[in-house]
Amino acid sequence: MAYEHRDIEKKWRERWKDRGTYRVENDTSKPKYYVLDMFPYPSGAGLHVGHPLGYIASDIVARYKRHSGFNVLHPMGYDSFGLPAEQYAIQTGQHPAKTTEVNIARYREQLDNIGFSFDWSREVRTSNPDYYKWTQWIFLQLFESWYDARQDKARPIAELIARFEERGCMGQDASILTGDVEEFVGEFSAAEWKAFEERTKQMVLQHFRLAYLSDAWVNWCPALGTVLANDEVKDGVSERGGHPVERKRMPQWSMRITAYAQRLLDGLDALDWSTSMKEAQRNWIGRSEGASVRFEIKSDLTPSPSPGERGTIPGDNRFRESANSFIWSKLIERAKDMRHNPTEAEDRLWQVIRGNATGGRIRRQHIIDVFIVDFVSLPKQLVIEVDGDIHDLQTEEDALRTLRLGEEGFKVIRFRNEEVLNDPQEVKRKIIEELNARPDFNKDDVEPSDDEHSAPLPGRGAGGEVIEVFTTRPDTLFGVTFLTLAPEHDLVSSLTTDDRRAEVEAYVKTASNRSERERQAEVDKVSGVFTGSYAKHPFTGADIPVWVGDYVLAGYGTGAVMAVPGGDQRDWRFAKHFGLPIIAVTEGADIENGADESKEATICSEGFLKGLKVPDAVRRAIQELEKLNAGEGRINFRLRDAAFGRQRYWGEPIPIYYKDDIPYPLPESELPLVLPEVDKFLPTEDGEPPLARAKNWTYTPLSPGEGSGVRSSYPLETTTMPGWAGSSWYFLRYMDPKNEGRFASPEAINYWQQIDLYMGGAEHATGHLLYFRFWTKFLHDRGWLPFDEPAKKLVNQGMIQGVSRIAYKATKDFFAYELLTMIFSMRSAQDTSELVSVEDIPIVLVPVELRNRIVHGTLTPQEEATIESQLRDLTKTLQEKQPNRAGKVVSPGNHSFPVHVDISLVDPSTGALDIHLFRESSPENSGAIVLGGGTYFCRPEVEKMSKSKHNVVNPDDIITKYGADTLRLYEMFLGPLEQSKPWDTNGIEGTSRFLKKFWNLFYESDVFSVSDVAPTKEEFKTLHATLKKVTEDIEKMSFNTSVSQFMIAVNELAALKCHKRDVLEPLTVALAPFAPHIAEELWEKLGHPTSITVAKWPQWDAQYLVEDNFSYPISFNGKTRMQMEFPIALSKEEVEARVLANPEVQQRLEGKAPKKVIVVPKRIVNIVV
RNA sequence: GCCCGGGUGGUGAAAUGGUAGACACGAGGGACUUAAAAUCCCUUGGUCCGUAAGGGCUGUGCGGGUUCAAGUCCCGCCCCGGGCACCA
């Protein structure tokens, strides 16, 4: 009976489903094994043959492990939130849930066809509220956590609050806090913390939360209408769609992944992941060790600020700290904003008190401590506030604010909007009265100009300020000849001297207007400008000019560099360009021609570093910096916090509501916060994300307790989570997918633990895999997981490439100019009237060979005649269609351009194009001809398999023709799993034949016939050699060689005419992971009532592999010349003796004694002559 | 520029320092057949000598080296693929 794959595979697919063969219980009596494939996004295009490669490999391992006695978790589900479904929804108005549903159904059908052993009862979908309830829950945990650098783990934020209430944040505490927080939050006492208004407290806490809202620089993609994470941007354009991306500052949810940078790096060492994958992550995290160095700004060169200008009162250093804080840098944006958009009352008042109108300088929208005050006189320490209606609701907070400012020595006076609007002069009069009543704290608050653009923003004076830089080469400090600031650097404005101001501002403006892409494209252009200020070298005290240059990135380090043109090529180019001095820092450096960046060099600078090798000099330099308190050793990471919000519809809603613009977490009982219905999937007219369209997108707490008892509604967050949210923890949900009370029970987590084998594409190196590790570490820190890495072993399957078929189409230019003029002028020059408009030219395929001959004018007369007649025909038909459009000759250009022809129109082995099918394939091609006649052969090209390249091979087609088992075997047989390779459908014949041969071992003259006769030694040897090789190969994931071994076994057994049960039965089990359908069928025919999937894995036995004899290759000087067979048991000496006794050997030796004879038992004999 | 991979027949590829090219495709030849499909057998890295049996030389990107023996180890280069990149 012939092997009928269609019937067999259909039968077993149904049985497996009916019997629940692949259902997995959390059966803790067995050892577990967790095999997971990376979460697929169900795209509309469906699967091509490249997609299942990894699934097949992991399925083989899963099945093998099950045979070997493990309880194997091998689930599948869908990462079903995402951009493509939403883009489609915007275009068609179809709800993304609907298209996603359709795509999933299609995906599932295709997956089922291949015969995977997935336990579908555990399927998860990220877009399912039962699932994203827990994604939101994890988000809330991140929001409610901070990173305790002292314990090096995440802790509940309540602990931090308790600590603030008890001890404040002073001294050592101020330095335990991680990352940027440490620099920016000043110290505060417990009392001060308690006195902070709610807003301030929340603002401070935002700097600690692992999920936080801040004004951040983001990658904004206008075409997609959303922000993108760093890993979603490649070369300045969006990875998906290739749309331009710009830098924009906007309020943004972020994840503090940077807190985990070091642990993410360290954790890699213990993982069994490919080196390239680990390297990609290491690059992305980008740890660099070096020093931070502080350069004081020369006070005699820049005006020393008054204490008032610094926003401080003399002697109160703490105050200056806070004015110099992160909060300051956050607030400054807001302050600028508020200045540009004053309320009517503010503006009216400003007009009457600005300049010297009150007899002293008044500043507006000024930052004092953590507040932005409306107006202030610094010398008099008087704050003037104009309250809008909103303040009525905030009287309590205002009181606290007044109190707090009062503690800092400021008096606060308030006016109401109406007062100001009704009679600004009266208000002014009152202000002057107040001013006169207060003592002068400082008389120096003079500012030459009140120009908003040019004045340094108050609160931060320039003089006495320091520029902090990060360097990996503190050993080159003596080579510093200038400093360079990024154009966005906070100090640029205050460092700029008046004479340089126009130039600097113009430069900063130009730089900020350039897109990321422009900036990247022009890396070789040097540009910059001198600020006019100087800093002081910490060692030599020399004047160091401060420049601004856009080769310095605002986002890395401190946004400022110490330029060492002798030791850094970028600095060198900058110095050369602007004629700045270049000092050699290393011995033997050729500073005329470039910087010496070598790390093996010896430092030649005068002073304590002279003569030291780079690493020693680095250490020494850091010591010296620390002595002077001018810097210290520091580690910097390239990794940035991850943008978490998306201005999109089709994602998990972020469970946050706003009260007075402060984000608060929804209570857990409100989860899931279900994605609302909207009328359109587009942003609102005001540019709000689509969720803002939803009706009643507000949170109304059910319990009163909100003050008066009147229920208030609060607006909900309108951005949604990015694609990576749901996929960062899905592996946990599979362990316990139906749990309603938890993301997964502790029992399930403790049983299944980490993923033992994670299979997926290498393209996830810096996105998914990093976030996935981050969330796992976080959940571990907070005690929900006993492990802190999600996947022990990671294998990246290679890409299966497509073989595209390329045809060359004549360009219009070629047709019109090259051909027509040439051919017609060759024949008869008067015929140009027959030329047609180039617009009407149909597709003409130009064989490459022929094209070359036309260009070189070496056509045979016959070819000329053919082409001419073809062209005459063409022009004729065209003229009949459009008689009035006589042609014109256009200028010559490219002759032809390559196009992708659909591979279904091309003979796969010869590349011959079926011109009839081609003409039918699209209206555009209907009139296509092959220039010169004959068959057109398309050039093959190996490239990515994709719809747009018309080279997609659908697994369904292969399965219909050859069966799923053949497809599975062939995909594995193609080559090493991790390697990319082109798909060649022709090769599949080999594996198809193999299965037929295997099937035939169970048949004699069309009758199923397996004998119970004991196998011969030879038959056993074949069996056990195969079992050994296959077992070992599966363990090392070398599936192509196991398939080869099966082929060898079948060839040998067929030659031996072996139809014996004791050989075939174990062999069937061994084949079952690779070709489960045929194996089940034969297993049943062999008389087994239960599924082969639970059969015990056959062990190989070494005794059957023992050979009596070994055929030794006899080589002379390493070259094999002959074979001699000896018993294995023979000793080295005996082998040597017998070899030398051989007459042929003697002949080759020509009577000479060999210099040496090497005998390697069971390997080789080498005779050295 | 830096960091990872990788380079073996016409093709996909195999090879614990020990007979390079297993296994498969393709190609060529043959058998069966009226024919085709299917199946089976033989040949197949290159090259040279020989009627043949058989034999020689050469060959794993290039150039060196270590070794009795190198696709495999070491040094230097070239090329291809991937990652990162004015990252200080």
Side-chain angles (χ1 to χ4, degrees), chain A residues 2 234-235 274-288 290 293 469-474 476 484 486 519-520 522-526 549-553 555-564 567-571 573-574 597 636-639 762-763 765-766 796 798-799 803 909 940 969-970 973-976 978-994 996-997 1000 1038 1040-1048 1050-1051 1054 1111-1123 1154-1160 1162-1169:
Chain A
K234 288 257 147 70
D235 302 321
S274 69
T275 35
S276 61
M277 195 64 26
K278 291 194 201 179
E279 274 307 310
Q281 293 219 340
R282 287 193 186 107
N283 278 339
W284 194 258
I285 295 166
R287 181 184 201 268
S288 46
V293 184
V469 302
F470 173 73
T471 176
T472 55
R473 294 291 303 275
T476 62
T484 316
R519 228 166 133 160
Q520 281 183 12
E522 293 169 12
V523 284
D524 45 347
K525 273 193 195 152
V526 176
D550 71 356
Y551 79 99
V552 179
L553 303 175
Y556 185 75
T558 60
V561 299
M562 55 175 230
V564 185
D568 182 288
Q569 192 58 30
R570 291 157 308 190
D571 297 338
R573 291 201 321 157
F574 195 85
E597 296 184 327
N636 225 359
F637 293 96
R638 198 185 73 92
L639 185 73
E763 68 274 18
T766 49
N796 301 115
M799 216 189 350
V803 181
S909 44
L969 278 170
Y970 185 54
F973 183 65
L974 231 38
E978 306 198 21
Q979 212 163 294
S980 288
K981 53 245 158 183
W983 177 267
D984 174 18
T985 303
N986 286 327
I988 205 168
E989 294 287 346
T991 46
S992 173
R993 273 174 214 153
F994 156 74
K996 282 182 204 161
K997 287 190 223 170
N1000 286 332
S1038 172
N1040 55 329
T1041 50
S1042 5
V1043 178
S1044 296
Q1045 182 60 41
F1046 278 121
M1047 289 174 169
I1048 293 167
V1050 165
N1051 289 345
S1111 179
Y1112 281 94
I1114 311 300
S1115 58
F1116 292 79
N1117 292 336
K1119 286 179 183 164
T1120 308
R1121 285 291 113 102
M1122 50 192 284
Q1123 300 278 321
K1155 278 194 194 132
K1156 200 172 178 183
V1157 179
I1158 290 112
V1159 179
V1160 184
K1162 283 173 75 181
R1163 285 247 185 264
I1164 203 168
V1165 176
N1166 192 15
I1167 299 165
V1168 187
V1169 290

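First the proteins, then the strands, lettered A, B, ... as listed; each starts at 1.
Side-chain N/O atoms of A/Thr1041 and A/Ser1044 include no donor and acceptor closer than 3.5 Å.
Rounding to whole angstrom units, CD1 of residue A/Ile285 and P of B/C84 are separated by 13 Å. The distance from atom CG of A/Leu974 to atom P of B/A13 is 7 Å, rounded to the nearest whole Å. One interatomic measurement links the two molecules: CZ of A/Phe1046 to C1' of B/A22, which rounds to 17 Å at whole-angstrom precision.
For A/Asp571, there are no salt bridge (charged side-chain N to carboxylate O under 4.0 Å, His left out) partners at least two apart in sequence or on another chain. In this structure, the side-chain contact (heavy atoms from CB on, under 4.5 Å) partners of A/Ser1115, at least two apart in sequence or on a different chain, are A/Thr1120, A/Ile1164, A/Asn1166. Applying the salt bridge (charged side-chain N to carboxylate O under 4.0 Å, His left out) criterion to A/Glu597, with sequence neighbours excluded, gives no partner residue. Residues that satisfy the salt bridge (charged side-chain N to carboxylate O under 4.0 Å, His left out) test with A/Arg638, not counting sequence neighbours, are absent from this structure. The salt bridge (charged side-chain N to carboxylate O under 4.0 Å, His left out) search around A/Arg287 returns A/Glu289, not counting sequence neighbours. Annotation: ring pair (Phe, Tyr, Trp, His ring centres under 6.0 Å) contacts of A/Trp983 (sequence neighbours excluded): A/Tyr970. Annotation: ring pair (Phe, Tyr, Trp, His ring centres under 6.0 Å) contacts of A/Phe1046 (sequence neighbours excluded): A/Phe1074.
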Grab the N/O contacts between the protein and nucleotides 79-81 of chain B below 3.5 Å, and write none if there aren't any.
none

Nucleotide N/O to protein N/O under 3.5 Å, stretch nucleotides 24-32 of chain B:
| unit_1 | atom_1 | unit_2 | atom_2 | d |
| --- | --- | --- | --- | --- |
| B/A24 | OP1 | A/Asn1051 | ND2 | 2.9 |
| B/C25 | OP1 | A/Arg993 | NH1 | 2.4 |

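Close to B/C87, at under 4.0 Å from its OP1 or OP2, lies a side-chain N or O of A/Arg570. For A/Arg573 and B/A88, the shortest distance from a side-chain N or O to OP1 or OP2 is not below 4.0 Å. Distances shown here put a side-chain N or O of A/Gln979 below 4.0 Å from the OP1 or OP2 atom of B/A13. OP1 and OP2 of B/G12 both lie 4.0 Å or more from every side-chain N or O belonging to A/Lys981. The side chain of A/Arg638 contributes an N or O atom lying less than 4.0 Å from OP1 or OP2 of B/A85.
No hydrogens or angles were tested; on distance alone, a donor-acceptor pair under 3.5 Å links the side chain of A/Asn1166 to the base of B/C68.
Distances were taken from every side-chain heavy atom of A/Thr1120 (C-beta onward) to each of B/U19, B/C4, B/G12; the shortest belongs to B/U19.
Syn is the classification of B/G9, since its glycosidic angle stays within 90° of 0.
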